[in-house]
Amino acid sequence: MFIQSQLMIAHFEAFPEYAKYRPELCPLVGRYFPLFWDGSVTWLAVDLDASHQSRVVAISLEGDYGPRLVRETFAAFLEEATLANEEDRSMGCLEGS
C-alpha cells in the first residue's frame, strides 16, 4: 500500500519511540525512510546512508528487527516494480516481507 507523504514522515518520526521499547531498533533510527507500509508491522524503506546507494530494505517490528535487503539500489527496485507492473505480476524481491 502506498502511504501518503505525511504518514511516511510520521512513521519515520515514530521509529525513535519504537526503539525506546525495542533497543534492537536503535541502529535503524534516522537511517531508513519508510516508502511503503503493509498496514501492520512491516515497512519497505530506503536507506538514507549515501554510501549504500539508496538501497531498499524491509523493516519489521516482528522477528529479528534488522533490515532485510530487498534491492541493492532504489533504481533497481523501481526497475523491478515497473517490469512487474507491466507483466501484471508480483515482485519477487518482496517474497517473505
Side-chain angles (χ1 to χ4, degrees):
M1 145 188 334
F2 184 73
I3 54 179
Q4 299 171 331
S5 59
Q6 293 166 329
L7 186 54
M8 287 186 274
I9 292 167
H11 284 227
F12 180 71
E13 292 174 344
F15 286 161
E17 188 67 23
Y18 302 150
K20 286 181 186 177
Y21 303 100
R22 294 188 171 150
E24 354 18 286
L25 294 174
C26 287
L28 308 179
V29 173
R31 174 146 177 206
Y32 298 96
F33 189 82
L35 298 175
F36 300 94
W37 178 47
D38 72 353
S40 182
V41 297
T42 304
W43 292 264
L44 286 183
V46 65
D47 189 339
L48 300 177
D49 182 339
S51 69
H52 289 118
Q53 302 178 5
S54 302
R55 67 182 177 171
V56 176
V57 299
I59 297 172
S60 180
L61 295 182
E62 294 181 335
D64 64 10
Y65 305 108
R68 181 182 59 80
L69 183 64
V70 172
R71 279 291 166 258
E72 290 288 339
T73 65
F74 186 69
F77 176 79
L78 288 179
E79 283 179 33
E80 183 168 345
T82 300
L83 185 59
N85 184 57
E86 289 172 353
E87 296 175 355
D88 194 29
R89 62 171 173 81
S90 63
M91 294 175 61
C93 68
L94 299 180
E95 298 296 320
S97 64

Report the residues that fulfil side-chain contact (heavy atoms from CB on, under 4.5 Å) with A10, sequence neighbours left out, ordered by chain and then residue number.
-> none
side-chain contact (heavy atoms from CB on, under 4.5 Å) involving A76 - partner list, sequence neighbours excluded = R71, T73
With F33 via ring pair (Phe, Tyr, Trp, His ring centres under 6.0 Å) - residues at least two apart = F12
So among L28, V29, L25, which one has a side-chain contact (heavy atoms from CB on, under 4.5 Å) with P16?
-> V29
For E86, check side-chain contact (heavy atoms from CB on, under 4.5 Å) against everything at least two apart and list the hits.
-> T82, L83
Looking only at heavy atoms, what is the nearest atom pair of V70 and L44, with distance?
-> CG2-CD2, 3.7 Å
Could you pull out all residues at least two apart from E87 that satisfy salt bridge (charged side-chain N to carboxylate O under 4.0 Å, His left out)?
-> R89
Are D38 and S40 linked by a side-chain donor-acceptor pair shorter than 3.5 Å?
-> no
Any idea how W43 and F15 line up, ring-wise: parallel (<30°), tilted (30 to 60°), or perpendicular (>60°)?
-> perpendicular
Pairs in or reaching into residues 6-17: which pass salt bridge (Lys or Arg N to Asp or Glu O under 4.0 Å), with residues at least two apart or in two chains?
-> E17-K20
For the residue pair R31 and R55, what are the closest heavy atoms and their distance?
-> NH2-NH2, 3.4 Å
Is the F36 ring parallel, tilted or perpendicular to the F77 ring (thresholds 30°, 60°)?
-> tilted
